[in-house]
Visitor: 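Have a look at this one before I ask anything.
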Number of protein chains: 2
Amino acid sequence: MLPTRRCPLSQRTTLADVAAAAGVSVSTASLAFSGAGPIAAATRERVLAAAAELDYSGPNPLGRQLRSGRSGIVGVVVGDALRRSFRDPVSVQMLDGLVGTLGEMNLGVLLIPGPTDPSEPPVDPLVLSAAMDVAVLLWASGSADPVLAALRRRGVPTVVVEGIPEPDVATVGIEDRQGIAQVAQHLVDLGHRRIACVALPFDRTRGEGVVDAERLAQVQWQITRRRLDGMYDAGVQPVAVYETPASLVEHGAAAGRALLSGADRPTAVLCQSDLLASGVVLAARELGLAVPGDVSVAGFDGLDLPWLAPDVLTTVAQPLAEKGAEVGRSVARLLEGTYPPPVVMPVELRVGTTTGPAPA
Amino acid sequence: MLPTRRCPLSQRTTLADVAAAAGVSVSTASLAFSGAGPIAAATRERVLAAAAELDYSGPNPLGRQLRSGRSGIVGVVVGDALRRSFRDPVSVQMLDGLVGTLGEMNLGVLLIPGPTDPSEPPVDPLVLSAAMDVAVLLWASGSADPVLAALRRRGVPTVVVEGIPEPDVATVGIEDRQGIAQVAQHLVDLGHRRIACVALPFDRTRGEGVVDAERLAQVQWQITRRRLDGMYDAGVQPVAVYETPASLVEHGAAAGRALLSGADRPTAVLCQSDLLASGVVLAARELGLAVPGDVSVAGFDGLDLPWLAPDVLTTVAQPLAEKGAEVGRSVARLLEGTYPPPVVMPVELRVGTTTGPAPA
DNA sequence: ATGAAAGCGCTAACAG
DNA sequence: CTGTTAGCGCTTTCAT
């Protein structure tokens with residue numbers, strides 16, 4: 001057994017020590033570090049020298065934070081357990097854009113796991129008690145979202161991504177309803193009448209399988225709801241809707257196997273995400289079905305999917321990194337103390353090689 | 001133009017207000033929330049009722065943090081720009097294990113971008129001034145790492161992953177040198193003599209291409225260094241070492257194209273990561289080379305790589321999620337005030353279908 | 001340009 | 001079990 005060695009748990013020297021060593025007042029020493037006020041160059045030098053002498057590496061953030069009432073932290077509640085969110089390029093690319101923008105404003109990102117399965121508590125403890133100036137909610141379920149409710153109670157200004165615009169939060173979203181309508185119309189134009197739908201999760205129970213009418217009425221998550229509505233907008237009444245527990249290739253593959261191995265299989269599968277769609281394509285190949293000869297497949301997101309090569313998925317592209325940057329800008333507005341107007345970003349139909357005329 | 005509406009920037013009510021409303025002292029009110037001390041059930045109820053009445057959602061974290069000297073935050077410096085780190089399952093799976101363990105201890109993870117290219121400052125501002133009780137450094141370059149130096153200056157206890165054990169930091173690593181030696185020996189046993197190596201980045205300049213002896217002597221990042229040494233341990237003198245800017249499929253593919261299209265191409269390529277190796281396999285296929293008939297390819301990490309199907313990569317598996325959990329445990333030790341002994345986790349050679357006898 | 005004073009909101013000793 | 005007393009380390013008026 002090694003002897004346990006103590007480690008120093010925090011710095012000892014304070015601004016007061018440095019000020020004393022430099023022969024100035026604490027307030028002057030503070031200015032030397034923050035630069036927020038008039039100070040003689042010589043004085044600053046003296047303070048900095050004293051700091052170096054004492055191994056003082058700058059004002060303690062905890063003191064600064066309490067005094068200024070700001071933590072410099074943005075809590076980001078991701079849409080799922082981290083393990084799954086990180087596997088979804090949609091979340092990752094957005095997060096990347098967001099972290100970049102926030103970094104420029106000297107804000108840090110506190111990662112908060114989102115709603116997992118119902119066996120877990122609905123709200124992570126960090127949501128309840130971590131220090132944060134603003135929160136960002138990816139994939140909020142709607143105005144009754146328990147996480148959103150908790151943040152409201154705390155009075156934490158919040159940016160909701162893919163939610164519903166509401167007076168007391170900032171919102172960033174995309175034209176997904178119109179986008180899905182476009183790609184659905186594209187399938188109709190190709191002559192498809194038997195169209196199945198592979199949907200994102202309905203709620204935190206994260207069920208899996210073809211749903212009945214009752215379940216279909218229970219969709220809680222707004223992103224899923226809107227994308228279903230977009231499909232209806234194009235006049236498509238799907239022959240089946242398959243609910244998935246997460247936007248991942250394996251769930252798309254499972255959906256594909258279920259939908260395409262039955263007797264009167266659909267001629268087209270409209271998926272609410274690219275990852276789900278690529279799973280469906282893989283399942284179709286597995287089953288020996290030609291894409292798009294036997295079945296057309298379309299997705300949503302506009303991801304780069306090299307493993308589908310030589311196929312290119314028909315999809316609706318959304319500007320992921322820019323969406324993240326836009327969220328960052330909304331965060332900045334909230335910090336300034338005003339609610340930015342809701343942002344809705346455009347999407348674009350991109351016809352690839354996975355959709356074609358309905359088979360005769 | 002919409003009228004800008006003000007948003008409330010922080011809660012107004014304090015513990016003192018609640019205490020007054022409940023007719024108790026602040027310290028008693030504090031106990032009602034923290035539970036850290038004896039308090040009559042009736043009193044607690046009264047305080048909580050008063051809090052609900054006043055819409056008080058709990059003690060302000062900033063006050064608590066300053067007073068207790070703890071932020072409840074663990075700063076995690078990832079090994080690269082987030083955009084790239086998130087695309088690497090090695091980082092993501094470890095992060096997932098880490099966040100899970102830390103979550104149980106009610107600690108939050110502050111994401112800090114790691115060393116990108118030299119045009120950027122070597123140390124993210126968050127490293128210098130964000131509040132954190134402990135820092136975790138993924139992929140530290142060695143004892144001269146500027147990020148580690150900054151954390152030392154601040155006196156932030158640190159866990160270094162894949163670094164060198166040093167007295168004033170906690171270390172978690174794997175037996176990568178031995179692992180690489182094993183897989184290198186495996187290639188030698190198969191009769192390979194012309195072996196090329198595709199390496200992880202050497203330093204933050206993140207060069208790309210076959211390196212000369214001079215450059216090979218400049219490897220700064222310890223993980224790369226150790227994996228090179230493991231190869232030498234097995235007696236392999238590579239015919240070429242290719243430096244990559246990041247552990248990503250596309251860089252592996254570029255390396256593969258460069259190494260396999262020349263005249264006297266190697267019969268085996270030993271890669272320091274699975275993502276790099278899978279790129280090499282794809283490049284070989286592109287060039288019409290049979291794997292392993294014409295060229296054997298081996299990796300390191302033990303990732304699931306479905307897009308290589310039906311091939312299964314020969315690799316050395318490391319326990320990623322458990323490594324993350326182990327890092328979490330080291331964080332806990334540091335918070336208790338002691339340095340845990342260095343942790344070294346085992347790895348395991350897994351022979352797949354991408355390595356075979358050297359061609360005659 | 002510098003200094004003095006006043007807290008930010010909370011918890012932890014300690015005394016009762 | 002509850003109240004009193006002291007700050008945690010810093011920034012920010014406000015004088016000077």
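Order of the sequence lines sets the chain letters (A, B, ...), proteins ahead of strands, with each chain counted from 1.
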Visitor: Tell me which of Ser34(A) and Gly23(B) sits closer to the 5' end of DNA chain D, going by the nucleotide each one is nearest to.
Guide: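 Looking at DNA chain D, the more 5' nearest nucleotide goes with Gly23(B).
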
Visitor: Apply the test salt bridge (Lys or Arg N to Asp or Glu O under 4.0 Å) to residues Glu166(B) and Arg152(B): give CA-CA distance (whole Å), side-chain angles for both, the deciding distance (0.1 Å), then the verdict.
Guide: CA-CA 12 Å; Glu166(B) 293 185 67; Arg152(B) 279 198 171 110; 3.1 Å; yes

Visitor: Send over the distance from Leu62(B) CG to dG7(C) P, rounded to a whole Å.
Guide: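 It is 19 Å, rounded to the nearest whole Å.
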
Visitor: Looking only at side-chain N and O atoms, does Ser25(A) come under 4.0 Å of OP1 or OP2 in dG3(C)?
Guide: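 Answer is yes, contact under 4.0 Å.
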
Visitor: Under 4.0 Å between a side-chain N/O of Tyr56(A) and OP1 or OP2 of dC10(D), yes or no?
Guide: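 Checking dC10(D) against Tyr56(A), a side-chain N or O does come within under 4.0 Å of OP1 or OP2.
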
Visitor: Between dG3(C), dA1(C), dT11(D), which nucleotide gets closest to the side-chain atoms of Ala40(A)?
Guide: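 The answer is dA1(C), which lies nearest to the side chain.
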
Visitor: With a 4.0 Å cut-off, would you call Lys323(B) and Glu162(B) a salt bridge?
Guide: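 Answer for the salt bridge query: yes.
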
Visitor: Of the listed nucleotides (dT2(D), dG9(C), dT11(D)), which one gets closest to any side-chain atom of Val26(A)?
Guide: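 So the side chain of Val26(A) is nearest to dT11(D).
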
Visitor: A side-chain contact here means heavy atoms from C-beta on lying under 4.5 Å apart; do Trp139(A) and Val77(A) qualify?
Guide: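 No. Closest side-chain heavy atoms not under 4.5 Å.
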
Visitor: Could you check how far CZ of Arg70(A) sits from C1' of dC8(C), rounded to whole Å?
Guide: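 In whole Å, dC8(C) C1' lies 14 Å from Arg70(A) CZ.
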
Visitor: What is the distance, rounded to the nearest whole Å, between atom CD1 of Ile39(A) and atom P of dT12(D)?
Guide: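 So the CD1-P distance, Ile39(A) to dT12(D), works out to 14 Å.
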
Visitor: With a non-hydrogen cut-off below 4.0 angstrom, is Thr43(A) in contact with a base, only sugar-phosphate, or nothing?
Guide: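 The answer is sugar-phosphate, as Thr43(A) gets under 4.0 Å only of primed atoms, P, OP1 or OP2.
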
Visitor: Step through the shown structure and confirm whether more than 12 heavy atoms of other residues, nucleotides or ligands are within 6.0 Å of CD on Glu53(A).
Guide: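 It does not: Glu53(A) CD has 12 such atoms or fewer within range.
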
Visitor: Of the candidate nucleotides dT12(D), dC10(C), dA1(C), which contains the atom at the shortest distance from the side chain of Pro38(A)?
Guide: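 Output: dA1(C).
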
Visitor: Side chains of Thr171(A) and Val169(A): does their closest heavy-atom pair fall under 4.5 Å?
Guide: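 They are in side-chain contact.
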
Visitor: Find which nucleotide of DNA chain C each of Ser27(B) and Leu66(B) is nearest to by heavy atoms, and output the residue with the more 5' nucleotide.
Guide: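 Its nucleotide being nearer the 5' end, the pick is Leu66(B).
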
Visitor: Without decimals, in angstroms, what is the distance between Leu31(A) CG and dT13(D) P?
Guide: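 It is 12 Å, rounded to the nearest whole Å.
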
Visitor: Would you mind reading off the distance between Gln65(B) atom CD and dC8(C) atom C1', rounded to a whole angstrom?
Guide: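 Atom CD in Gln65(B) sits about 13 Å away from atom C1' in dC8(C).
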
Visitor: Quickly work out the Arg67(B) CZ to dC8(C) P distance and round it to whole Å.
Guide: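 After rounding, the gap between these two atoms is 16 Å.
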
Visitor: Specify the separation, in whole Å, of atom CG of Leu15(A) and atom P of dT2(C).
Guide: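 Those two atoms, CG and P, are 15 Å apart.
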
Visitor: Looking at the side chain of Arg64(A), which of dC10(D), dT11(C), dT2(C) is the nearest nucleotide?
Guide: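 My answer, after comparing the listed nucleotides, is dC10(D).
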
